[in-house]
A.B. asks: 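One structure coming up, written as structure tokens, with questions to follow.
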2 protein chains.
Amino acid sequence: MLAKLLCREGQTVSTEDEAIDPVAAAEAWRQRYGPSKKPTINDVARIAGVSKRTVSRVINKSPLVKDKTRSEIGKIIDIIGFSPDPQARGLAFRHSYLIGMIYDNPNPQYVVNMQQGILNGLKNSGHELVVHPCNRDSDSFLQDARQFVERQKLFGVILTPSVSEDERIVAMLREIGCAYIRIASVALENNANMIVSNDRLGGREAGRHLAKLGHKRIGFISGKPSFRSSHERRLGFEEGLAEHGLELDPKFVREGAYTFQSGLDRGSELLQLDPRPTAIFAANDEMAAGLLQALRVAGLTAPDALSVVGFDDFQIAISVWPRITTVHSPVTRLGELAAEKLLLLKEQETPDTKEGENVPWLVERESSGPPAN
Amino acid sequence: MLAKLLCREGQTVSTEDEAIDPVAAAEAWRQRYGPSKKPTINDVARIAGVSKRTVSRVINKSPLVKDKTRSEIGKIIDIIGFSPDPQARGLAFRHSYLIGMIYDNPNPQYVVNMQQGILNGLKNSGHELVVHPCNRDSDSFLQDARQFVERQKLFGVILTPSVSEDERIVAMLREIGCAYIRIASVALENNANMIVSNDRLGGREAGRHLAKLGHKRIGFISGKPSFRSSHERRLGFEEGLAEHGLELDPKFVREGAYTFQSGLDRGSELLQLDPRPTAIFAANDEMAAGLLQALRVAGLTAPDALSVVGFDDFQIAISVWPRITTVHSPVTRLGELAAEKLLLLKEQETPDTKEGENVPWLVERESSGPPAN
DNA sequence: CTGAAAGCGCTTACAG
DNA sequence: CTGAAAGCGCTTACAG
């Protein structure tokens, strides 16, 4: 019947008791304008024979639409390939569909993995990721961040360590009403805004590992004190040692900066001690690699002269020799979770957070073994 | 005089022969609404006593504005802190102020350095960077990219290797009229759309270096054939060798994949040859590090058993031992240049490209030396 | 369950 | 050199 109607000159005809076929009308539209024309909400409304208000309702999943109307509009949208303009939508909604990632982590692999994870979590949500490195020590730090968020009217923001630990920026975000998720080694505030990587648990594994191997003189190279993760990794490490009746001797502890060079420098210092430690836990792989370099410079090798354990499990851990026993932190997964949580946050839904889901784990490699003496 | 006027109840009064002081009016506005109110073009127009059309003209640097009007409006903008909403502007202009970076390079340091460079080049331009990893082998590769560009109505796009070498995506961008800059090892099309890293020149330095050291049996580990940079590095390398009457023996050439593991695997193969090469150029640092690992596995060391040269000069080159002699490629600078060129491209200006500005250079370290035999 | 009108914050012909 | 009106593609009270 409809087929017959459509045959007349390829046009649909509507009479009082016959409805126009929306599918056919949509196909005709696509036919007429070719594949490159981008339809608007007005095109959809015209084809469907409804107001754009109604189309808007189906876009925004309002329940106040008759099922039949909804499904017809849905079909038309599919056929003509309509997708609402995020810019126009954003203008009306007073926000954009952009997620900001604000970071100051110096490790490229951390940044890229995190980005990848966030992007995974954003997939098919219609949101895009805009990246924003920052410098917490800059005078314009807060102002830069604020301008970034306000100008782009960001949908929300994901903060990674160590800027995620900065209460100033968090206060600012709250003040301007910007949704945010903080990724950090430990819960810094109520769960709704946090993704926690539980670095302490990872540090504990490192401590247990070295203790079980029989080490007694055990050293530690930290990150900068402004990095909370470094604290957590140390606390966990000490817990792991304590389980075996050991404790960290302050004279075997040095402050690094999460860089290769700091691992090399602080490592050299520790190696000059007499007696020197038989094992050292570096708070990240980059420093552990530097420590390995220090060993070489001193004419020593791991694990016979010194056991080395790192944290992160990035490529560097398996690019050096011996390969580094380290704690694996699921960075990409953290990014994914952060993105998902941010999306839920805006939907006012209560995120069903599985507590303790992210647990780092130990990866044993060749850089650690029993103590020599 | 004006001061007196302003004293009356803090209001400005205008009489026939006295103009309102726009500065004072602007300050009063800021006073009244507090620091968090975001002004719009209408606020500026109202305070200045002009139409918003005129304000729009000064925002867009139209010459058709009287100097006095322009400077007054400029002052008001500064005082009340107006900055045009990119979303609204974009809606009217039919494009956004977002730059897309489309990449498929597997090296995190490359990606992060590139991003940083692009961001540097975008600074204070009012544009933001949205990142978009892609997979050239995916069926939806082209469609994904197209949707990304069209949905966000991107201002322009920066393509990095190897996706920058994909003619399909470039054709698509041209078809939909999206401005783009391709970053690549060699000019792939007319200069206006290219930033060239001249990898061949870098490869030549590597070749000269090993030739000068006296090596004769020289090997090469390439990247995947789909990476143009690998070709260029090899061609340059052969040029450098040729200058000294040497050429690459095919039996010392292996195909890697720019990864540590491929450097390890292909390196092991080359080391089993008899006689084995006395020097190997790996087309990137990651593979050179893998090659060093292969040496260790074989009970050999660099540079006495084998000289190793890499390419990139990333952190890995100085994290391993011996530190890798390599070719430095100014990735961050390339990103910066790409961003600047893209901005100029849209302004219809002819970019004044300094040809051959980006020249990679050799960095000598401990992994290379004279041949043993 | 649906629609006509106004508005988000800008710009662009068109007049003057 | 400047302005009133319409428009970019959406959404939101407000009616019905």
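Chain letters run A, B, ... following the sequence lines, proteins first, then strands; residues in each count from 1.
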A.B. asks: Please tell me if Ser56(B) has a side-chain N or O lying less than 4.0 Å from either OP1 or OP2 of dC10(C).
C.D. replies: no

A.B. asks: So, Glu189(A) and Arg182(A), do they make that salt bridge, N to O below 4.0 Å?
C.D. replies: yes

A.B. asks: Figure out the CZ/P separation between Arg94(B) and dG9(C), and round it to whole Å.
C.D. replies: 19 Å

A.B. asks: Output yes when at least one side-chain N/O atom of Thr69(A) is less than 4.0 Å from OP1 or OP2 of dT2(C), else no.
C.D. replies: yes

A.B. asks: Base, sugar-phosphate or nothing for Arg53(B)? Non-hydrogen atoms, less than 4.0 Å.
C.D. replies: base

A.B. asks: Counting only side-chain heavy atoms from C-beta out, which of dC10(C), dG9(D), dT2(C) sits nearest to Ala88(A)?
C.D. replies: dG9(D)

A.B. asks: Describe the nucleic acid contact of Asn60(A) in one word from base, sugar-phosphate, nothing, applying a heavy-atom distance below 4.0 Å.
C.D. replies: sugar-phosphate

A.B. asks: In whole Å, what is the span from the CG atom of Leu91(B) to the P atom of dT12(C)?
C.D. replies: 12 Å

A.B. asks: Among all residues two or more places apart in sequence or in another chain, which pass the salt bridge (Lys or Arg N to Asp or Glu O under 4.0 Å) test with Lys52(B)?
C.D. replies: none

A.B. asks: Should Asp85(B) and Lys153(A) be marked as a salt bridge (Lys or Arg N to Asp or Glu O under 4.0 Å) after you check the CA-CA gap, both sets of side-chain angles, and the distance that decides it?
C.D. replies: CA-CA 9 Å; Asp85(B) 180 340; Lys153(A) 296 203 294 259; 2.2 Å; yes

A.B. asks: Using whole Å, report how far NZ of Lys52(A) lies from P of dA5(C).
C.D. replies: 12 Å

A.B. asks: Paired with dA15(C): which nucleotide, if any, by Watson-Crick or G-U wobble criteria at under 3.5 Å for both distances?
C.D. replies: dT2(D)

A.B. asks: Can you check the Tyr97(B) OH to dG9(C) P distance for me, whole Å?
C.D. replies: 17 Å

A.B. asks: Can you measure His95(B) atom NE2 to dG9(D) atom P for me and round it to whole angstrom units?
C.D. replies: 14 Å

A.B. asks: For dG3(C), does either OP1 or OP2 sit under 4.0 Å from a side-chain N or O belonging to Thr54(A)?
C.D. replies: yes

A.B. asks: Without decimals, in angstroms, what is the distance between Lys61(B) NZ and dC1(D) P?
C.D. replies: 17 Å

A.B. asks: Check every atom of dC1(C), dG7(D), dG9(D) against the side chain of Ala92(A) and return the nucleotide holding the closest atom.
C.D. replies: dG9(D)

A.B. asks: Once you round it to whole Å, what is the distance between P of dG7(D) and CZ of Arg89(B)?
C.D. replies: 22 Å

A.B. asks: Counting heavy atoms from C-beta on, name the nucleotide in dC1(C), dT2(D), dG9(C) closest to the side chain of Val65(B).
C.D. replies: dT2(D)

A.B. asks: Nearest to the side chain of Ile41(B), which nucleotide is it out of dC10(C), dG3(C), dG3(D)?
C.D. replies: dC10(C)

A.B. asks: Mind calculating the distance between NZ (Lys37(B)) and P (dG9(C)) to the nearest angstrom?
C.D. replies: 8 Å

A.B. asks: Is Thr40(A) close enough to dG9(D) that one of its side-chain N or O atoms is under 4.0 Å from OP1 or OP2 there?
C.D. replies: no

A.B. asks: Any salt bridge linking Asp78(B) with Lys75(B)? Criterion: basic side-chain nitrogen under 4.0 Å from a carboxylate oxygen.
C.D. replies: no

A.B. asks: Between Phe93(A) and Ser51(A), which is nearer to the 5' end of DNA chain C once each is assigned its nearest nucleotide?
C.D. replies: Ser51(A)

A.B. asks: Please name the pair of heavy atoms, one in Asp144(A) and one in His132(A), separated by the smallest distance, quoted to 0.1 Å.
C.D. replies: O-NE2, 4.3 Å

